[in-house]
Amino acid sequence: MTDNQQILEKNEIGVLSNELTYRHYLMNKGKVRELFRKMSMPEYLALHIIAVESKASGVYSGRTYLKDLSEKMELTIRQTSKMIGDLRDRGLILWAHDGDGSEGTYVTITETGENLLSEQETLLKEYYGKVISKFGKQNLIELLRLMKQLETVMSSELEEMEEVQMNDGIDE
């Protein structure tokens, strides 16, 4: 590869990385947040996960353990605990523990939580129904597939960078 090609490639990578960062910013900042008036997006996702787990009611009898919720949402236990405490204080979930608590704490969704979740899901379905009809179902499916693939590659790259940084710290 010639020096000019390498320079061009580096410039393209810069342009693409800036565009990706900008689009990510717009999606996170965007108007979609306006759809979440009674709860935040993370709270909605947590309630949704808890509700799905309660309906699955397999081994855990409708319980969602804090550790599992934390892993699914890719949050620390501390962050998850704070959010769960807020949801509990608003009467949307019940928070309890097994035995003396050493076996883990778990949450279950309340009727109030289910009602608020249902209300939010209706709002999202109405909005996204219109978006999908304009954008196209197949386009959205392909976009979601590509987003999952991109997220996997990005996570892997971050893990590799962290390993290199840790190894660099060990060598010093």
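Reckoned from all heavy atoms, side chains included, excluding hydrogens, waters and symmetry mates.
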Can you tell me how far apart [atom1] ([X]) and [atom2] ([Y]) are? Round to the nearest 0.5 Å.
X    : Y    : atom1 : atom2 : answer
E121 : L47  : CD    : CG    : 9.5 Å
L69  : L45  : CG    : CG    : 10.0 Å
K82  : R78  : NZ    : CZ    : 10.5 Å
S17  : Y22  : OG    : OH    : 15.0 Å
L117 : E114 : CG    : CD    : 8.0 Å
L16  : L20  : CG    : CG    : 8.5 Å

Under a single-linkage rule joining Ile, Leu, Val, Met, Phe, Trp and Tyr whose side-chain heavy atoms are separated by less than 4.5 Å, which residues share a cluster with L94? none
Pairing residues for F36 by the ring pair (Phe, Tyr, Trp, His ring centres under 6.0 Å) criterion, not counting sequence neighbours: Y44
S155 (side chain) donor-acceptor with T152 (main chain) under 3.5 angstrom: no
Whether the side chain of S54 engages the backbone of T108 through a donor-acceptor N/O pair (distance < 3.5 Å, no angle test) should be reported. no
Any donor-acceptor pair under 3.5 Å linking the side-chain atoms of T76 with those of Q79? yes
Run K125 and K130 through side-chain contact (heavy atoms from CB on, under 4.5 Å) and show every step you take. CA-CA 8 Å; K125 285 177 188 176; K130 293 173 185 174; over 6 Å; no
Contacts of type side chain to side chain contact (heavy atoms under 4.5 Å, CB included), residue [X], not counting sequence neighbours:
X    : answer
M154 : L150
L123 : L35, Q120
E119 : K38, L116
T112 : L92, T110

Minimum-distance pair of heavy atoms, taken over all atoms of [X] and [Y]:
X   : Y   : result
A46 : M83 : CB-CE, 3.8 Å
R63 : E53 : O-CB, 4.4 Å
E43 : D86 : OE2-CB, 4.4 Å

Inspect the contact between R145 and E142 and indicate whether a charged nitrogen and a carboxylate oxygen are less than 4.0 angstrom apart. yes
Under a 4.0 Å threshold between the charged nitrogen and the carboxylate oxygen, would R23 count as salt-bridged to E19? yes
